[in-house]
Amino acid sequence: MDQSELLEAALLAHPSVARLDGRFASYLPGRRVDGVRTDDRRVGVAVVLHPGRPIPEVVDELRATVIAVTGNRPVDVVVADLEDP
Amino acid sequence: MAQTTSTKPDTANVPARLADDTAQGKTTIASSVVQKVAGIAAREISGVHALGGGVSRAFGALRERIPGAGTSTTSGVSVEVGEKQAAIDLDIVVEYGAGIVDLARAVRRNVITAVERITGLEVIEVNIAVNDIHLPEDDEDQEPAQSRVE
């Protein structure tokens with residue numbers, strides 16, 4: 001499994017994440033993984049959240065989730081939208 | 001420090017540093033996020049009949065008739081979002097009978113509280129334009145607008 005798919009699964013498992021946003025993506029043979037991009041130096045994720053909790057708290061948790069998968073690289077988090085309540 | 005209190009940082013009161021472009025990475029909050037939070041907070045105040053006014057409200061009504069498009073939560077709300085601060089403009093329609101000055105103050109307070117709590121951005125201003133007043137008889141020939149919040 002590609003690292004981007006592992007990241008996708010880990011992010012979607014978080015209760016505040018509604019879906020990933022397609023403003024950037026990882027392109028794999030046969031499919032694309034929206035909202036995740038990685039290179040040697042940085043990781044970028046774009047998420048759409050359920051409203052309710054303070055976003056900085058959620059982002060901190062997501063960053064920890066990402067680091068658990070990718071190792072210690074800077075993680076750029078884009079909160080692209082909130083799901084309609 | 002010799003104190004034994006929790007060392008967990010109090011993130012509830014200190015606005016988080018957004019776009020914290022350090023070793024940890026950068027956090028970006030899209031303006032549509034701020035728009036939605038501000039729109040929900042404004043509607044929560046009783047006496048606010050609707051958001052929008054003039055052109056944007058008419059446009060919102062048009063959008064509602066497009067199947068699947070849903071209500072535009074962001075009509076009547078425009079925002080400017082920087083790295084750490086946000087400025088918000090609201091167009092509102094008030095219920096007849098509401099004291100507009102007090103109502104505007106309550107809306108402003110609720111919007112600031114909600115946006116700062118949810119996004120961690122500092123709200124530097126909330127400009128409120130009252131575009132119309134909603135009279136009870138306006139509802140006579142149409143279904144009463146279904147308000148999500150009382």
Side-chain angles (χ1 to χ4, degrees), chain A residues 3-4 7 10-11 14-26 34-85, chain B residues 8-44 51 60 63-64 68-75 77 79 81 83-84 86 111 113-123 147-149:
Chain A
Q3 195 175 51
S4 58
L7 269 179
L11 290 168
H14 191 284
S16 287
V17 175
R19 56 196 157 83
L20 300 180
D21 181 74
R23 63 179 58 198
F24 49 73
S26 296
D34 279 343
V36 175
R37 84 181 150 199
T38 59
D39 63 27
D40 304 343
R41 294 192 179 170
R42 300 184 85 82
V43 180
V45 298
V47 292
V48 176
L49 299 179
H50 292 297
R53 292 187 53 205
I55 290 171
E57 270 177 43
V58 175
V59 167
D60 285 348
E61 291 169 13
L62 293 179
R63 197 167 266 134
T65 303
V66 171
I67 287 171
V69 176
T70 61
N72 206 359
R73 271 181 275 172
V75 182
D76 299 326
V77 180
V78 179
V79 181
D81 205 353
L82 291 182
E83 197 77 330
D84 286 320
Chain B
K8 205 177 165 205
D10 186 4
T11 49
N13 294 327
V14 184
R17 284 181 58 210
L18 298 167
D20 196 4
D21 201 0
T22 57
Q24 287 223 294
K26 189 163 64 174
T27 301
T28 311
I29 294 183
S31 56
S32 63
V33 172
V34 180
Q35 269 181 326
K36 279 191 185 167
V37 174
I40 293 166
R43 272 174 235 263
E44 275 173 0
L51 291 179
R63 281 183 55 149
E64 272 179 28
T71 326
S72 165
T73 331
T74 51
S75 86
V77 186
V79 299
V81 181
E83 293 198 340
K84 288 169 191 158
V111 167
T113 306
V115 171
E116 292 193 342
R117 183 176 74 83
I118 301 282
T119 67
L121 293 161
E122 182 198 357
V123 177
S147 167
R148 283 180 300 159
V149 285

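Computed from heavy atoms alone, side chains included, the values below leave out hydrogens, waters and symmetry copies. Order of the sequence lines fixes the chain letters, A, B, ..., with proteins taken first and strands second; residue numbering starts at 1 for each chain. Note that this is a predicted model, so its numbers are computed, not measured.
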For [X] and [Y], work out which heavy atoms get closest and say how close.
X	Y	answer
A/Leu82	B/Val33	CG-CG1, 3.7 Å
A/Gly52	B/Ile118	O-CD1, 3.3 Å
A/Ala80	B/Ala30	O-CB, 3.2 Å

*Should we count CZ of A/Arg73 as having more than 12 external heavy atoms under 6.0 Å?*
yes
*asked:* Quick check against the 3.5 Å criterion: does B/Arg117 have a side-chain atom that pairs as donor or acceptor with the backbone of A/Pro54?
replied: no
_Please report the interatomic distance CD(B/Gln24) to CD1(A/Ile67), rounded to the nearest 0.5 Å._
6.0 Å
*Interatomic distance, A/Leu49 atom CG to B/Ile29 atom CD1 [nearest 0.5 angstrom]*: 9.0 Å
Do the side chains of [Y] and [X] get nearer than 4.5 Å, heavy atoms only?
X	Y	value
A/Asp76	B/Thr28	no
B/Thr27	A/Arg63	yes
B/Lys26	A/Val75	no

